[in-house]
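Presented below is the structure to which this report refers.
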Amino acid sequence: MGKTLLEFYPFDIKYDDNEEKIVVYGYTKEGEKVIVVDNSFHPYFYAVISPEDKESVINSIKNLKVIVGEKEALIKKIEEYQSHLVGRDVTTLKLTFNTYSEMKHFFEPIKRISGVSELLETDIPIHRRYLIDKRFKMFTRVRVEGEKVKSTSPNTNFTILADVIEETNSELIENPKIMAVDIETYNPIGNPRPEKDPILMISISTNYGFNKVISWKKCDEMQDFVEVVESEMDVLLRFEDIIKNENPQIIVGYNSDNFDFPYINERAKKYKLNLKLGVDNSKLKITKRGIGKAAKIIGIPHIDLFIFIRNILGPTLKTETYNLNAVADELIGEKKVEGFHWTEMSKMWDNGGDDLKKIFEYSMKDAEITLKLMEKLFNLIAEMTKIVGQTPFDVSRMTYGQCVEWFLAKNAHDFKELIPPKPLGHFVSDRQAKSYEGAYVHKPEVGLFENIVVYDFRSLYPSIIVSYNICPTTLFCDCCKVGFETPEINGKKYSFCKEKKGFIPQLLENLINRRIRIKEIIKKLPKNDEDYKILSARSYAIKTIANAMYGYLGFARSRWYCWECAASITALGRHYITKVISEAESKGFSVLYADTDSLFISLKNKSLEDSKKFIKEINSSLPEMMELDFQGFYSRGVFLAKKRYALSDTLGNLTIKGLEWVRRDWSKIAKETQIAVIKSILVDGSKEKAIRITRDTIKKLKEGKIPIDKVTIYTQLTRKIEDYESIGPHVSAAIKAKEKGYTFEPGQIIKYIIVKGSGSISDKAFILEDVLDRKLEYDPEYYINNQVIPAVEKIFEAVGISKDELLGKVQTKLGGFFGD
DNA sequence: CCGATT
DNA sequence: AACGGCTAATCGG
């Protein structure tokens with residue numbers, strides 16, 4: 001079909017193991033599906049050599065005879081490359097090969113050549129190497145030149161054999177076709193067993209109007225979206241059919257890596273079906289990834305939103321659990337179909353009729369919610385994908401550490417920095433064994449205070465890294481006699497180069513400046529503007545990477561791990577916060593509390609104006625990138641201990657940190673009582689009301705009037721049940737449930753209740769399902785003495801009311817509090 | 001009651 | 001498989 005030039009949006013990429021070439025999958029603006037084959041890319045790695053041995057090493061490499069299969073494998077190119085390894089000058093040879101399968105046979109023989117000290121970048125997967133080198137970003141417009149040929153894949157418009165493939169601009173694909181998928185399974189004993197229990201239905205929801213539930217059981221007056229086929233096998237075949245005909249550009253699920261797709265695969269195996277979902281007609285592949293699995297469909301990015309939310313969004317969410325219902329409620333204000341619990345699935349399926357209709361509705365809604373979540377999160381996933389520079393499939397599954405690492409890897413060569421190897425074995429354990437001092441936390445004045453001003457350092461750690469040029473490449477440089485110096489850390493000062501910028505501070509400075517520019521633009525846009533949404537997501541993605549940089553430097557499995565850097569950052573953080581504390585005190589403010597980058601002062605006889613003058617003075621003395629911000633003014637606050645306090649602003653809005661209220665391992669009844677007490681004291685200024693509320697709760701608990709969901713406690717299993725040394729209540733509840741056939745995985749949230757009976761607290765702990773089944777009653781004594789009272793006791797003490805007084809055991813005159 | 005575990 | 005600091009409950013000797 002001849003030479004052609006076109007622009008397209010790449011969605012996925014693979015290194016073809018058999019044909020040994022890079023294949024990029026994408027779409028033109030008109031939605032035509034294209035495959036771009038890049039024959040020009042060849043894998044390579046670096047050998048670090050002593051410069052004086054250069055000729056002999058090159059000769060030895062040329063003389064190597066490596067046989068792969070029947071044929072001799074050849075080195076394609078040898079080039080000298082003067083570069084840096086973590087700031088140190090190194091001479092390397094860049095060795096390029098025709099294919100990866102040939103290249104890997106050269107690792108060992110080249111390592112053994114005298115004059116070669118180490119091999120670098122042998123542990124970069126080829127498709128990632130390709131994206132690092134080519135610079136273009138997934139989901140954005142890319143220019144390709146090459147020969148247009150008929151596609152070998154049946155459901156693709158054409159293939160291009162590329163000569164050139166390059167970035168044009170970073171314009172994002174508009175409105176990709178997204179398909180959300182959810183399955184329901186037969187589950188007579190709780191968790192479904194893929195070897196026995198069939199898939200009942202597969203639900204599909206798209207952002208372009210195709211919505212269906214495919215099932216194999218009929219009932220009267222079925223909803224329009226239900227399509228009934230003959231059998232479970234036909235459900236699977238119809239699913240394959242839909243993927244092929246509908247051509248979704250992105251497939252999304254919720255926990256689909258570890259549930260939906262592995263289950264679909266297991267059931268397909270049973271019928272000896274090969275579900276060819278990939279654009280290249282390849283099978284749905286379930287791979288192992290860390291402790292879990294990942295479901296890969298070649299050519300169509302499959303995003304498991306549960307994984308992305310858990311890894312990246314989780315810490316910013318309020319929700320206690322990452323189940324679909326709670327997450328969707330918080331992010332998009334939607335809930336699942338009510339009056340239905342998944343444990344009833346098989347019973348309702350067997351009943352048929354209206355019950356079956358209800359399952360159809362429930363399943364459809366789940367797929368719809370998943371789709372809406374993706375529509376909400378697409379911009380963020382796309383921006384993370386762009387900034388990290390890898391595929392959406394990979395990036396959506398990365399943790400913070402991996403996002404930072406691949407971001408650095410992408411940019412390292414601009415600074416001629418080679419990518420250090422992943423640390424293994426004792427390198428990791430040695431690093432883990434060597435800890436360093438963290439942030440400073442000021443012991444609070446326990447009690448109730450009024451007129452509180454809060455300051456915080458804007459992006460404290462990133463601004464320190466940039467100001468002090470903290471980088472593994474600048475530590476104790478050769479050029480500066482005295483560089484940027486840290487305070488003493490265990491009696492030693494650390495120095496960072498003043499002459500040349502380190503690559504991490506340089507990249508970080510670019511990120512910070514980029515974010516400032518974006519925020520300037522956002523300010524002028526209306527909130528519902530499409531650009532506003534994209535730029536907000538970009539700003540959030542940049543912030544995520546910038547804030548994770550410090551943690552990455554102290555992370556034992558980092559390629560650019562640097563103990564001295566991490567320890568210097570926290571030491572400087574401690575230096576600046578303590579400096580502000582002492583200056584505030586010397587100016588006559590009373591410092592109530594401080595933690596890491598924030599400072600709480602009481603105005604006392606000073607004015608708000610005085611506090612603003614103070615902040616100006618501080619800022620004029622700080623390095624340019626560092627800034628102390630005015631965070632807010634609060635009319636009242638109660639401080640209980642380090643990391644435990646509550647504030648109320650002038651409008652009565654509460655800020656609560658560290659208290660039981662924000663913790664999931666406390667019952668709702670304890671948390672609700674606690675917040676009601678805080679509100680009474682901080683907002684209403686009435687300790688009588690607080691006492692009344694507490695006593696009333698205790699009475700209701702005694703009378704057994706509190707519903708079960710308010711006495712349920714959530715605790716995560718962090719390991720396998722048998723690995724626990726100490727059996728806490730949640731573990732004990734799980735052990736008892738396990739004997740009855742329930743299964744538990746590490747990471748699972750255990751919902752348990754302490755019931756009436758004898759023995760230790762653990763003896764009396766049972767999981768929610770057990771309690772409901774056996775109609776057990778909660779233990780009022782436990783919830784009064786171990787939940788409600790401890791949650792409010794410290795607060796009452798801080799305002800001068802003892803426990804006895806609270807419970808009415810001692811008659812004391814109340815009063816003298818906020819004028820009453 | 002107290003250190004260890006969570 | 002991002003850091004350390006910190007509080008508090010409960011176990012288990």
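Within every chain, numbering begins at 1; the chains are lettered A, B, ... in the order of the sequence lines, protein sequences first and strands thereafter.
- In this structure, CG of A:Asp665 is placed 20 Å from P of C:dC6, rounded to the nearest angstrom.
- Between the P atom of C:dA2 and the CD1 atom of A:Ile569 lies a distance of 17 Å, rounded to the nearest Å.
- The pair A:Glu405-A:Lys422 does not meet the salt-bridge criterion, since no charged nitrogen lies less than 4.0 angstrom from a carboxylate oxygen.
- Here the P atom of nucleotide C:dA2 and the CZ atom of A:Arg431 are 15 Å apart, to the nearest Å.
- At whole-Å resolution of the value, CZ in A:Arg559 and C1' in C:dA2 are 16 Å apart.
- We find that CH2 of A:Trp406 is positioned 14 Å from P of C:dA1, with the value rounded to whole Å.
- The residue A:Tyr461 sits apart from the nucleic acid: no heavy atom pair falls under 4.0 Å.
- In the set C:dG4, B:dT6, C:dA1, the nucleotide with an atom closest to the side chain of A:Arg557 is C:dA1.
- Nucleotide C:dG4 holds its P atom 11 Å from the CH2 atom of A:Trp563, rounded to whole Å.
- Nucleic acid contact class of A:Tyr724 (heavy atoms, under 4.0 Å, all strands): sugar-phosphate only.
- Taking side-chain N and O atoms only, A:Gln402 has a distance below 4.0 Å to OP1 or OP2 of C:dA1.
- Atom-to-atom, CD of A:Gln432 to C1' of C:dA1 comes out at 9 Å; the value is rounded to the nearest Å.
- At the heavy-atom level, A:Gly554 lies under 4.0 Å from the strands shown only through sugar-phosphate atoms.
- The aromatic ring centres of A:Phe600 and A:Phe639 sit less than 6.0 Å apart.
- Aromatic ring centroids of A:Phe555 and A:Trp560 lie 6.0 Å or more apart.
- If you check every strand for non-hydrogen atoms under 4.0 Å, A:Ala439 touches sugar and phosphate atoms only.
- Mapped onto DNA chain C by nearest heavy atom, A:Ala548 and A:His442 fall at different nucleotides, with A:Ala548 at the one closer to the 5' end.
- In this structure, A:Lys794 does not pair ionically with A:Glu797, as no charged nitrogen and carboxylate oxygen lie closer than 4.0 Å.
- Residues passing the side chain to side chain donor-acceptor pair (under 3.5 Å) test with A:Gln748: none are found, sequence neighbours excluded.
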Its contact letters, B for base, S for sugar-phosphate only and - for none at protein heavy atoms under 4.0 Å, make nucleotides 7-13 of chain C read SSSSSS-
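- Across the protein-nucleic acid pair, A:Arg397 atom CZ and C:dA1 atom P stand 12 Å apart, rounded to whole Å.
- Between A:Ser435 and C:dG4 there is no side-chain N or O to OP1 or OP2 distance below 4.0 Å.
- A salt bridge does not link A:Lys756 to A:Glu781: none of the charged side-chain nitrogens sits closer than 4.0 Å to a carboxylate oxygen.
- Between A:Arg719 and B:dT6, a side-chain N or O to OP1/OP2 separation shorter than 4.0 Å is present.
- Remark: A:Arg128 pairs with A:Asp394 by the side chain to side chain donor-acceptor pair (under 3.5 Å) rule, at least two apart or across chains.
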